[in-house]
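The block underneath contains the structure these notes are about, expressed in structure tokens.
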Amino acid sequence: MRPVSIIGVGCTKFGERWDASLRDMVAEAGIMAIEDACVTGEEIDALYVGNMSGGRFVEQEHIGALISDYAGLSRLHIPSTRVEAACASGGLALRQAVLAVASGYQDVVIAAGVEKMTDVSSGTAADALASAADREWECFFGATFPALYAMMARLHMRRFGTTHEQMAMVAVKNHHHACFNPIAQYHMEVTVDDVENSPMVADPLHVLDCSPISDGAAAVILAPTEMAGRLSDTPVRIAASSQASDTLALHDRRDLTTLDATVHAARAAFSQAGIEPKQVDVAEVHDCFTIGEILAIEDLGFFEKGQGGIATEEGLTALGSSLSVNTSGGLKACGHPVGATGIKQAYEIVLQLRGEAGRRQLEEAEIGLTHNVGGSGGTAIVHILSR
Amino acid sequence: MTTHAPRFWRCIPQRYSLIGTHCTSCNESFFPPRNICPNCRRGAQLEECKFKGTGTVITYTTIHNATEDFDRLTPYHLAIIELDEGPRITGQIVSAPDGVKIGMRVRPVFRILGKEGERGIIYYGTKFAPIEETCCD
Ligand SMILES: [Zn+2]
């Protein structure tokens, strides 16, 4: 296996993109990444795209060919592959691209992610998202996606004394970060009271504990590290890429307050990169619900199990602390076009490591991590990036 | 509206009577039935077993905002229940006027679970209700 670097990145504005179709958005992100990398179409060997449910959201499957076509690559006939792991589809596309380059099989590869979710009603969107859970043994009995995370939250509160106020602070922090991010869906501060007074979705989770329905696309371009210096002035190295799985249904997990898939993926990633969690300066973690960020910062090894709520309350994950979490605004406030999220996370870390993150730029960020979860924890994907 | 009927008919015996799998090699029980034991894999000795259905609430939520199929039921309680034989299942808690609590003992009840559209097929299955605490036994 050879070292791999990111040589170009692009991301559309996230949000309700009434003006743009799925193919428009992916072309926009792809062209940004290609221009950023200073490569030509002829140099691209392959394309991987993460997309959870084009079939449900825009009644379009065969996203691989579509993306290659509208990225202007159809006459080059390169392989284009769509991958799916629910909300971790983007992270999985990045990992497939990393494996393709690391193996030596391909040199310059695009990893993209896209989801167009606002063309259907919110009820249809919720039902499509629920297909990431166990349709026969969770959803059939009335489970929704927020309900599964709510049940994890309830048990976390009971066991560790985590409060809903601490969960609300995740939303407050991530909305604050999003105000500095031009591509974010929301540029709106929220308070703990706003979160606690927003309508209940699945007790204890309120509307403002949940990530939104979003449209958006992102793309990154990879190349072997040995070529990266020629193709980019600011390459970022991929120090680790790992993936783990667990039971599809939440009720079958070893522990309902731990995502074991995250634990296993994180361990493998830190071992590959040869670093400790405390060396990470900036992390984009999967906060599909506020409790998701609390679980993530524990399961990734940044804080002891049960300490994620307190750590959030103490500001240990805020912008500019020794571990800044979700500087983009996270899924919560930057938006969560599911297939695009895993790629957007890498986009954000690359900007931070290059020093191009504008008003949310960290001082001295050298090592960043991305954490993308599928479903309620059936898949977890972790990447570590370094300058 | 999605069409679930064929998918859910297939599973009717398990939905009506909580039939699962017991592995005699590792003594773990599974619900729904499994063809492969995740502990023993090729070394498994599997047999069918029927669960009593009584169990304990491990965690729960009250759903106020549901998918289209369950919208008319809101708010309703959903829980993860650990059956007395070990496996955990997700199910609704009904007939709980004082709410649901972690550690609450529950028993299975047979109820309408859903309906496909206004005149669609009605499907039935297991929900759970609190076991009355009696002070004398
Ligand atoms: Zn066994």
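Chain A is the first sequence line, chain B the second, and so forth, proteins listed ahead of strands; every chain is numbered from 1. The shown structure was predicted, so the numbers you read here are calculated from the model rather than taken from an experiment. Keep in mind that the numbers below use all heavy atoms, side chains included, and drop hydrogens, waters and symmetry copies.
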**Asked** Taking side chain as C-beta onward, heavy atoms only, is A:F141 less than 4.5 Å from B:L113?
**Response** yes
**Residue pair B:F70 / A:C139: nearest heavy atoms and the distance that separates them** = CE1-O, 3.4 Å
**Asked** Is it the backbone or the side chain of B:F30 that comes under 4.5 Å from a heavy atom of chain A, or both, or neither?
**Response** neither
**OG1-CG distance between B:T61 and A:L148, expressed to the nearest 0.5 angstrom** = 9.5 Å
**Asked** Nearest 0.5 Å, what's the CE-CD1 distance between A:M151 and B:I102?
**Response** 11.0 Å
**Asked** Counting N and O atoms only, with roles assigned by atom type, does the side chain of B:R88 sit under 3.5 Å from a partner on the main chain of A:D252, one being a donor and the other an acceptor?
**Response** no
**Fill in**
So CZ of A:R154 and CD1 of B:I80: to nearest 0.5 Å the spacing works out to 12.0 Å
**Request:** Please flag which part of B:I58 lies under 4.5 Å from any non-hydrogen atom of chain A: side chain, backbone, both or neither.
**Result:** both
**Prompt:** Does any non-hydrogen side-chain atom of A:M200 lie less than 4.5 Å from one of B:T62?
**Reply:** no
**Prompt:** Does atom CD of A:E59 have more than 12 heavy-atom neighbours from other groups under 6.0 Å away?
**Reply:** no
**Asked** Taking every heavy-atom pair that is under 4.5 Å apart, which of A:A150, A:A126, A:P204, A:G142 has the most such pairs with chain B?
**Response** A:G142
**Asked** For atom CD of A:E304, is the number of surrounding heavy atoms from other residues, nucleotides or ligands below 6.0 Å larger than 12?
**Response** no
**Prompt:** Nearest heavy-atom pair of A:A143 and B:T90: which atoms, and what distance?
**Reply:** CB-CG2, 4.4 Å
**Message:** Only pairs of heavy atoms separated by less than 4.5 Å count here; which of A:V201, A:V207, A:L155 has the most with chain B?
**Reply:** A:V201
**Request:** Could you give me the CA-CA distance, side-chain angles and deciding distance for A:T124 and B:E68, then say whether side chain to side chain contact (heavy atoms under 4.5 Å, CB included) is met?
**Result:** CA-CA 8 Å; A:T124 304; B:E68 284 166 14; 3.7 Å; yes
**Fill in**
Rounded to the nearest 0.5 Å, the CG atom of A:D203 sits from the CD1 atom of B:I63 at a distance of 10.5 Å
**Item:** Separation between CG of A:L256 and OG1 of B:T59, rounded to the nearest 0.5 Å
**Value:** 7.0 Å
**Asked** Considering only heavy atoms, which portion of A:T247 lies under 4.5 Å from any heavy atom of chain B: side chain, backbone, both, or neither?
**Response** neither
**Minimum-distance pair of heavy atoms, taken over all atoms of A:A147 and B:L78** = CB-CD2, 4.2 Å
**Request:** To the nearest 0.5 Å, tell me how far B:N65 CG sits from A:S122 OG.
**Result:** 7.5 Å
